[in-house]
Amino acid sequence: MKKNYKGNISPKEIVNEIKLSKNIILTAHINPDGDALGSLLAFYFMIDDFCKKNNMKKMIKIVVDDKLPKYMRHFEDTELIWSYEKFGEKFKHNFQNDEKFDLFISLDCANKERYGKAIEIKKLSKKSINIDHHISNTEHADFNYVEDICSTGELLYQFLEIFEIELREKIAKYMYLGIINDTGNFRHDNVTEHTFFVCSKLIGAGVNNHKIANIIFEVSEKKVGFIGELYKNKKINEYYKFISYYLTQEKMKKLSIEKDDTDGAAEMLLKIEGMELSLFVREDVDGSLKGSFRANDKYNVNKIASIFGGGGHIKAAGFKTNLSFEEILEKTYQELEK
Ligand SMILES: [Mn+2]
């Protein structure tokens with residue numbers, strides 16, 4: 001089942017590259033979400049099972065150049081994920097002697113900017129593969145496999161057959177995490193018959209859907225404070241049915257929240273009756289602004305986010321910019337007027 005596939009490598013050929021590689025680095029995007037992390041862990045255990053089954057010895061390491069969301073503490077395998085700094089310390093000899101890694105695989109990364117500092121490891125790797133589901137994917141690796149599908153978690157399902165491994169509960173759990181993260185627990189319009197087909201297999205393998213949904217959709221008290229602030233001080237443009245909110249670092253300190261407490265803010269704004277477009281902008285520690293657009297049926301936010309050098313999907317897209325919030329609004333209105 002291949003719809004809207006782009007790239008220059010097939011899943012079968014990816015498995016072959018994995019087979020030929022002695023050491024493999026896996027990474028996902030900065031500001032990692034349930035799909036990035038779920039995909040990393042699911043793919044890690046797929047490769048690991050494949051190696052065990054075929055008596056192969058490989059070094060497989062997961063490196064993510066960012067803090068992980070707090071809910072990841074509920075998953076015991078999170079300890080397999082190295083920060084860029086720790087990985088650098090431990091494998092310094094590899095870095096210094098330019099002793100290259102065989103294969104660098106990015107999952108859920110639309111562009112190379114999303115690697116963060118992990119891009120340095122890519123530069124030291126002999127080959128790179130990009131596996132992703134964002135239509136805005138820039139095909140940033142030597143080999144690219146991009147499928148327009150709800151999540152990287154769902155995309156990885158086909159690899160089980162190629163690796164010729166069993167779908168065990170651990171792998172299923174992490175794929176499921178990716179799927180419910182990117183579909184908003186099956187609420188978004190990226191859910192297809194294939195999504196439910198895959199999920200039926202995942203549940204069949206023992207995934208506890210209730211438990212995982214509770215873990216990633218649980219709300220801390222601090223976050224409740226932020227949600228109150230978000231709904232209270234949102235801006236609505238009635239003409240375009242456009243709702244927006246800007247969160248400064250100062251406000252974050254006042255509410256004592258961290259960036260992952262703001263996850264889902266753009267979706268929350270769009271939930272208000274009648275809204276067609278939402279924008280949540282957060283000031284980063286370096287002073288740059290990070291924006292997330294969400295849309296119902298009227299607008300293509302992949303296109304709007306591209307004005308700011310970002311992208312994603314038609315109904316969900318993001319960007320990072322050095323423009324001010326006012327400038328972002330101005331440019332957005334210019335685009336809406338077109
Ligand atoms: Mn994703």
Side-chain angles (χ1 to χ4, degrees), residues 3-7 11 14 26-44 46 62 64-66 68-69 71-72 75 81 105-116 118 129-141 144-159 171-192 194-196 198-199 202 212-213 215-217 259-260 263-267 280 290-295 301-302 305 310-320:
K3 42 171 193 142
N4 304 326
Y5 147 76
K6 61 174 181 173
I14 291 174
L26 304 176
T27 197
H29 59 79
I30 47 171
N31 197 13
D33 58 13
D35 191 33
L37 299 164
S39 300
L40 280 174
L41 291 168
F43 208 48
Y44 174 93
M46 281 187 195
I62 305 175
V64 175
D65 178 33
D66 212 340
L68 307 185
Y71 61 72
M72 285 307 290
F75 298 100
I81 303 172
I105 303 177
S106 71
L107 294 163
D108 208 38
C109 269
N111 54 55
K112 62 178 193 304
E113 288 70 31
R114 300 282 280 155
Y115 294 159
I129 296 178
N130 149 33
I131 302 173
D132 187 30
H133 72 114
H134 295 91
I135 51 166
S136 60
N137 192 287
T138 57
E139 301 185 57
H140 42 77
N144 305 281
Y145 180 79
V146 183
E147 210 181 315
D148 186 10
I149 197 168
C150 87
S151 58
T152 305
E154 182 181 336
L155 183 154
L156 291 181
Y157 182 78
Q158 61 195 307
F159 281 90
I171 293 172
K173 175 169 78 178
Y174 293 122
M175 286 170 58
Y176 194 81
L177 172 65
I179 294 170
I180 63 167
N181 183 88
D182 278 19
T183 60
N185 214 10
F186 308 104
R187 284 188 66 232
H188 302 333
D189 86 328
N190 53 8
V191 174
T192 62
H194 185 256
T195 311
F196 280 115
V198 169
C199 287
L202 303 183
I212 298 180
I215 287 173
I216 77 156
F217 297 112
K259 68 177 180 189
D260 60 305
D263 284 351
E267 280 99 2
F280 171 69
K290 233 191 134 271
S292 305
F293 278 112
R294 294 294 181 274
V301 293
N302 183 46
H313 309 278
I314 290 167
K315 297 190 175 188
F319 63 89
K320 197 175 163 125

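Counting convention: from 1, in listed order, for ligands and their atoms alike. This structure is a prediction, so every number in the text was calculated from the model and none was measured. Nothing fancy with the numbering, it's 1 onward along the sequence.
The Mn ion (ligand 1) sits nearest to atom OD2 when only the N, O or S atoms of Asp35 are considered. For Asp182, the N/O/S atom at the shortest distance from the Mn ion (ligand 1) is named OD2.
At a threshold of 2.8 Å, the Mn ion (ligand 1) has a backbone or side-chain N, O or S atom of Asp108 nearer than that distance. His134 lies apart from the Mn ion (ligand 1) in this respect, since none of its N, O or S atoms is found at a distance under 2.8 Å.
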Inset, instruction - Kindly indicate, with the supporting measurements, whether the criterion side chain to side chain contact (heavy atoms under 4.5 Å, CB included) is fulfilled by Ile131 and Phe159. - result: CA-CA 12 Å; Ile131 302 173; Phe159 281 90; 4.3 Å; yes
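Taking the six-membered ring for Trp and the full ring otherwise, Phe293 and Phe319 have centroids separated by under 6.0 Å.
Put simply, the side chain of Val301 does not reach to within 4.5 Å of the side chain of Ile314, judged on heavy atoms. In this structure, the side chains of Val191 and Cys150 stay at 4.5 Å or more apart for every pair of heavy atoms.
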